[in-house]
Amino acid sequence: PVVDASIQPLLKEHRIPGMAVAVLKDGKAHYFNYGVADRERAVGVSEQTLFEIGSVSKPLTATLGAYAVVKGAMQLDDKASRHAPWLKGSAFDSITMGELATYSAGGLPLQFPEEVDSLEKMQAYYRQWTPAYSPGSHRQYANPSIGLFGYLAASSMKQPFDRLMEQTILPGLGLYHTYLNVPEQAMGHYAYGYSKEDKPIRVTPGMLADEAYGIKTSSADLLRFVKANISGVDNAAMQQAIDLTHQGQYAVGEMTQGLGWERYAYPVSEQTLLAGNSPAMIYNANPAAPAPAATGHPVLFNKTGSTNGFGAYVAFVPAKGIGIVMLANRNYPNEARIKAAHAILTQLAR
């Protein structure tokens, strides 16, 4: 009942056509499905429905990068240009892979300018880019930042990003219904997103879309990823990669930036989570301080993600063995996602 009580009003208020919610408690998965994945075909949502998860892709990109570190292909303190000859002589001679992964390269923007629509233009863009802040001093949330991290991490492993993700990382995490490119046989499960005007839409990929916001997955598979982050996986290298993504890199207010994941001391108030996922955190450059030393106290990890037609949220508390995945086929405000998830997690923790 706690899930229904939080989700039903949300669907109504934000006119969300369909939503898949999955929660983990005591090692068990529970699924709650609402509405439709495709209005035209009147297909209902299930835990197998594929949603675009937008920036919830970033923890998977971070896991790929961490895996490259574990495998010795690169280090987080490597200068970015070490992994891309075309960056030699640019600002990236003094920006590290870790700074790219954590949006602290010095002010890369949220999105590429529209005219950056080819590999050549992308390379030229990075070569001419000048930091507004000294690397490591500010967090400015940026797709071109973690996107370049994922791209260079894959190339350090001598593979294209999509192949490394789909053939090594996803299977290594036990995610067999998670895709960058949805294959023909899975298209029937792929939901349509709905725009503000209620038009059915799907993501139009820009440069480094795979690396920054390209994943499509189901609530069952995404909860499996949460479970891997809570209770681990059998593959030793993959386990070390997961552990590395959890490490705090620096703090902005009460949020500590990990690799992909953002974390908070737990228990955490709704207010604190709202502040950490607020427009000020997404659109502004915020001064960053060294991450507080790990205390062994419980933490909550979370990540929001959106595309034009979809809105996702994931949060989990390893010490409590609880987690939640919320996937919707409308992009609705982060604030509403956080409030619902916080209410549900608070009940699960009891």
Side-chain angles (χ1 to χ4, degrees), residues 1-39 43-54 56 59 175 177-178 189 191 193-194 217-231 261-262 264 266-274 276-277 298-306 309-350:
V2 54
V3 174
D4 274 355
S6 295
I7 300 298
Q8 295 282 16
L10 197 67
L11 297 170
K12 208 170 153 186
E13 184 184 349
H14 300 285
R15 304 180 8 261
I16 297 169
M19 194 156 176
V21 178
V23 301
L24 193 67
K25 183 167 168 70
D26 304 326
K28 289 193 186 64
H30 305 270
Y31 302 110
F32 305 85
N33 298 306
Y34 304 89
V36 293
D38 179 345
R39 281 176 168 165
V43 179
V45 167
S46 81
E47 57 268 27
Q48 304 309 330
T49 301
L50 299 175
F51 291 80
E52 294 171 10
I53 62 170
V56 179
L175 308 183
H177 304 282
T178 298
H189 287 295
Y194 290 88
T217 189
S218 65
S219 63
D221 244 32
L222 199 48
L223 197 70
R224 211 167 281 126
F225 182 46
V226 167
K227 199 173 177 180
N229 274 272
I230 291 177
S231 44
W261 296 114
E262 294 156 18
Y264 300 82
Y266 183 85
V268 58
S269 71
E270 181 189 277
Q271 227 23 65
T272 298
L273 272 187
L274 287 171
N277 288 285
V299 289
L300 174 144
F301 293 93
N302 83 158
K303 188 70 193 81
T304 58
S306 307
F310 291 83
Y313 184 61
V314 174
F316 59 95
V317 184
K320 293 275 186 190
I322 58 174
I324 185 167
V325 164
M326 295 164 53
L327 303 179
N329 55 355
R330 190 185 294 287
N331 179 356
Y332 66 109
N334 280 346
E335 186 182 346
R337 305 176 204 184
I338 309 288
K339 287 180 170 174
H342 187 270
I344 294 166
L345 285 172
T346 302
Q347 290 285 339
L348 290 179
R350 289 201 171 136

Practice problem: Could you walk me through whether Y34 and D4 pass the side chain to side chain donor-acceptor pair (under 3.5 Å) test, one step at a time? | Solution: CA-CA 9 Å; Y34 304 89; D4 274 355; 2.5 Å; yes

Practice problem: Could you tell me whether the side chain of N331 and the main chain of S306 form a donor-acceptor pair under 3.5 Å? | Solution: no

Quiz prompt | Non-hydrogen side-chain atoms of V325 and V21 separated by less than 4.5 Å | solution = no

Just list the side-chain donor-acceptor pairs under 3.5 Å for residues 45-53, sequence neighbours left out, or say none.
from, atom 1, to, atom 2, distance (Å)
S46, OG, Q48, N, 3.0
E47, OE1, N33, ND2, 2.8
T49, OG1, S46, N, 2.8
T49, OG1, S46, O, 3.2
E52, OE1, V203, N, 3.3
E52, OE1, T307, OG1, 2.7
E52, OE2, Y190, OH, 2.7
E52, OE2, V203, N, 2.8

Quiz prompt | Euclidean distance, M19 CE relative to L327 CG, rounded to 0.5 Å | solution = 8.0 Å

Exercise. Say whether, by atom type as modelled, one donor and one acceptor occur between the side chain of N329 and the main chain of G18 under 3.5 angstrom.
Key: yes

Practice problem: For F316, enumerate each residue passing the ring pair (Phe, Tyr, Trp, His ring centres under 6.0 Å) test, keeping only those at least two apart in sequence or located in another chain. | Solution: W261, F301

Exercise. Find out whether P298 and K320 are in side-chain contact, i.e. whether some heavy atom of one side chain is under 4.5 Å from a heavy atom of the other.
Key: no

Quiz item: CD of Q271: more than 12 outside heavy atoms within 6.0 angstrom?
Solution: no

Quiz item: With A29, which residues qualify under side-chain contact (heavy atoms from CB on, under 4.5 Å), at least two apart?
Solution: Y31, L223

Quiz item: How many angstroms lie between CG in N277 and OH in Y264, if you round to the nearest 0.5 Å?
Solution: 4.5 Å

Quiz prompt | Between OG1 on residue T272 and NE2 on residue H342, distance to nearest 0.5 Å | solution = 8.0 Å

Quiz item: Taking atom CG of L345 and atom OH of Y266, what is their separation to the nearest 0.5 Å?
Solution: 6.5 Å

Quiz item: Would you find a donor on one side and an acceptor on the other, under 3.5 Å apart, between the side chain of R330 and the backbone of L11?
Solution: no

Quiz prompt | Rounded distance [0.5 Å steps], CG in L222 versus OG1 in T178 | solution = 7.0 Å

Exercise. Determine whether L300 and L273 make a side-chain contact, defined as any pair of heavy atoms from C-beta on separated by less than 4.5 Å.
Key: yes

Exercise. Side-chain contact test, heavy atoms from C-beta onward, threshold under 4.5 Å: evaluate it for I230 versus F225 and give yes or no.
Key: no

Quiz item: Could you go step by step and tell me if K339 and L274 meet the side-chain contact (heavy atoms from CB on, under 4.5 Å) rule?
Solution: CA-CA 8 Å; K339 287 180 170 174; L274 287 171; 4.0 Å; yes

Quiz item: Do any N or O atoms from the side chain of Y194 and from the backbone of R39 form a donor-acceptor pair under 3.5 angstrom?
Solution: yes

Practice problem: Look at atom NZ of K25 and say whether more than 12 heavy atoms of other residues, nucleotides or ligands are closer to it than 6.0 Å. | Solution: yes

Exercise. Please report the shortest heavy-atom distance between A312 and R337, naming the atom on each side.
Key: O-NH1, 2.9 Å

Practice problem: Apply side-chain contact (heavy atoms from CB on, under 4.5 Å) to V2 and T346, showing your working. | Solution: CA-CA 10 Å; V2 54; T346 302; over 6 Å; no

Practice problem: Looking only at non-hydrogen atoms, find the nearest pair between E262 and G276 and report the distance. | Solution: OE1-O, 4.3 Å

Quiz prompt | Side chain to side chain, I16 and Y332, heavy atoms closer than 4.5 Å | solution = yes

Quiz item: Within the side chain of K227, is there an N or O that forms a donor-acceptor pair under 3.5 Å with the backbone of G27?
Solution: yes

Quiz item: Where do V56 and G305 come nearest, in terms of heavy atoms and distance?
Solution: CG2-N, 3.6 Å

Quiz prompt | Pairwise side-chain contact, V23 with L348, heavy-atom cut-off 4.5 Å (strictly under) | solution = yes

